[in-house]
Amino acid sequence: MLNRFSSTFFRTPADRTLAKRIYSITGVKPSNISLYHLALRHSSAAVEIKDGVKNSNERLEFLGDAVLGIIVAEHLFKMYPFKGEGFLTKIRSRIVNRNQLNEIALKIGLNELIVSDVKGSRTASIHGDALEALIGAIYLDQGFTETKTFIVQNLLKYHINIDELEQTDTDFKSRLLNWGQQSKKKVSFELIDESGPPHNKLFTIQVVIENEAKLSFQHHSKRRAEQLAAQLTLEEMGIA
């Protein structure tokens with residue numbers, strides 16, 4: 001019987017090594033290893049291939065985000081047959097929250113496989129982004145059922161405590177705005193830079209408190225840039 005990680009399936013030692021690491025992390029045996037290489041390549045380490053599009057994990061991240069959302073929604077729907085839409089929406093958003101996904105990615109060791117040239121605080125979202133991209137890769141490579149098994153059996157079962165999430169507030173933007181209201185200080189989120197082609201914009205959002213510029217963050221999603229800039233600001237202020 002052929003070894004699933006033999007040269008018959010993968011051409012290079014790097015391919016075979018990555019396939020084994022993916023299997024150890026996810027329980028999935030890759031078929032199209034190029035998808036997994038792509039899922040782990042951050043835009044900072046990518047090159048442009050056509051019309052501003054880079055061979056990075058951003059497109060797989062987009063797909064993985066959607067797949068993760070529907071699988072988590074279905075799981076919660078079946079898990080809580082008597083809970084309302086508001087509860088289900090709140091818990092789903094906390095499960096797929098960037099900070100939560102970052103923590104899971106670190107727990108499963110995905111950070112050791114990511115190819116990136118970014119350093120410092122701006123690495124805050126890279127791990128969660130890569131996890132979503134990995135989900136996108138599994139979906140394209142193995143299909144919905146295998147992806148669902150990975151998310152439910154590997155991630156939700158072992159790395160998510162839903163009871164704790166009910167008591168956790170991970171909306172950093174709202175927390176910072178509430179702090180501003182209680183402290184009678186004006187808090188705003190300002191777009192200070194917008195770059196890149198129309199289909200792949202990069203937004204830089206900065207937190208401003210009482211006309212004083214605080215920390216900023218870049219992301220291809222304005223919402224995520226706001227959340228991460230707020231999180232960094234709260235951490236710097238010691239109230240995260």
Side-chain angles (χ1 to χ4, degrees), residues 42 58 61-62 64-66 68-70 72-73 75-77 79-80 82-107 111 118-132 155-156 158-196 201-240:
H42 185 254
E58 290 173 349
E61 177 196 342
F62 164 79
D65 176 64
L68 176 64
I70 187 62
V72 169
H75 179 73
L76 294 175
F77 183 84
M79 185 177 182
Y80 297 103
F82 304 109
K83 291 289 189 179
E85 181 269 345
F87 172 86
L88 297 176
T89 299
K90 177 181 71 175
I91 299 302
R92 181 185 62 181
S93 67
R94 291 181 179 180
I95 289 175
V96 303
N97 175 271
R98 184 60 37 191
N99 192 52
Q100 180 75 27
L101 295 181
N102 285 336
E103 291 182 5
I104 293 174
L106 291 171
K107 286 179 181 178
N111 57 301
V118 177
K119 296 178 176 61
S121 62
R122 295 189 183 280
T123 64
S125 72
I126 287 178
H127 305 122
D129 292 346
L131 178 56
E132 286 184 334
L155 302 187
L156 298 182
Y158 292 107
H159 299 291
I160 298 290
N161 187 322
I162 294 179
D163 291 333
E164 286 184 1
L165 286 182
E166 288 188 57
Q167 308 301 320
T168 302
D169 184 0
T170 56
D171 185 349
F172 297 104
K173 180 180 179 181
S174 294
R175 287 170 59 184
L176 186 56
L177 290 172
N178 289 337
W179 171 85
Q181 291 179 342
Q182 295 171 3
S183 304
K184 300 187 183 305
K185 294 185 178 181
K186 181 181 177 181
V187 177
S188 61
F189 294 80
E190 299 183 1
L191 176 64
I192 60 174
D193 187 54
E194 183 177 334
S195 59
K201 290 284 189 181
L202 183 64
F203 304 98
T204 303
I205 301 292
Q206 184 164 59
V207 174
V208 178
I209 301 178
E210 291 291 291
N211 297 319
E212 180 183 350
K214 296 294 184 180
L215 296 178
S216 63
F217 203 92
Q218 285 184 330
H219 203 281
H220 291 278
S221 163
K222 286 183 180 179
R223 178 177 61 83
R224 288 182 181 174
E226 289 175 343
Q227 286 287 346
L228 290 161
Q231 179 184 356
L232 292 174
T233 300
L234 287 166
E235 290 174 351
E236 184 184 56
M237 295 166 63
I239 55 176

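Predicted model only: the values in this text are computed from it and were never measured.
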| query | Measuring from His75:NE2 to Ile95:CD1, what's the distance to the nearest 0.5 Å? | reply | 7.0 Å
| said: Donor-acceptor check, side chain of Glu190 to backbone of Val207, threshold 3.5 angstrom: yes or no? | reply: no
| message | Please report the interatomic distance CZ(Arg224) to OG(Ser125), rounded to the nearest 0.5 Å. | response | 8.0 Å
| query | Among all residues two or more places apart in sequence or in another chain, which pass the side chain to side chain contact (heavy atoms under 4.5 Å, CB included) test with Leu215? | reply | Leu232, Thr233, Glu236
| field | From CD1 (Ile70) to CZ (Arg92), nearest 0.5 Å | value | 8.0 Å
| said: Under the rule for side chain to side chain contact (heavy atoms under 4.5 Å, CB included), what residues qualify as partners of Glu85, not counting sequence neighbours? | reply: Thr89
| request: State whether the number of non-hydrogen atoms from other residues, nucleotides or ligands found under 6.0 Å of Asn211 atom CG is greater than 12. | output: no
| Any side-chain heavy atom of Phe189 sitting closer than 4.5 Å to one from Leu177? | yes
| said: One pair to check against side-chain contact (heavy atoms from CB on, under 4.5 Å): Gln100 and Ile160. What are the steps and the verdict? | reply: CA-CA 9 Å; Gln100 180 75 27; Ile160 298 290; 2.9 Å; yes
| request: Using a strict cut-off of less than 4.0 Å between a Lys/Arg side-chain nitrogen and an Asp/Glu carboxylate oxygen, indicate whether Glu132 and Arg98 qualify as a salt bridge. | output: yes
| Does any N or O in the side chain of Asp65 come within less than 3.5 Å of the main-chain N or O of Glu61, such that one atom is a donor and the other an acceptor? | no
| query | Taking only residues two or more places apart in sequence or in another chain, which ones pass side chain to side chain contact (heavy atoms under 4.5 Å, CB included) with Lys185? | reply | Trp179, Ser183, Ile209, Glu210
| Heavy-atom count around Lys186 NZ within 6.0 Å, excluding the residue itself: above 12? | no
| Pair Leu101-Leu68, side-chain contact (heavy atoms from CB on, under 4.5 Å): steps then yes or no | CA-CA 11 Å; Leu101 295 181; Leu68 176 64; 4.0 Å; yes
| Spacing of OG belonging to Ser216 relative to CG belonging to Leu191, to within rounding of 0.5 Å | 11.0 Å
| query | With a 4.5 Å limit on heavy-atom distance, are the side chains of Glu103 and Asn99 in contact? | reply | yes
| task | Check for a donor-acceptor pair, side chain of Gln227 on one end and backbone N or O of Lys173 on the other, with a separation under 3.5 Å. | result | yes
| task | Locate the shortest heavy-atom distance separating Asp129 from His219; write the atom from each residue and the value. | result | OD2-NE2, 3.3 Å
| query | Just wondering, more than 12 heavy atoms not from Phe77 lying within 6.0 Å of its CZ? | reply | no
| message | For the CZ atom on Phe62, are there more than 12 heavy atoms of other groups (residues, nucleotides or ligands in this structure) within a distance under 6.0 Å? | response | no
| What distance separates Leu234 CG from Arg175 CZ, expressed to the nearest 0.5 Å? | 5.5 Å
| CG/Leu106 to CG/Asn111 distance, rounded to the nearest 0.5 angstrom? | 5.0 Å
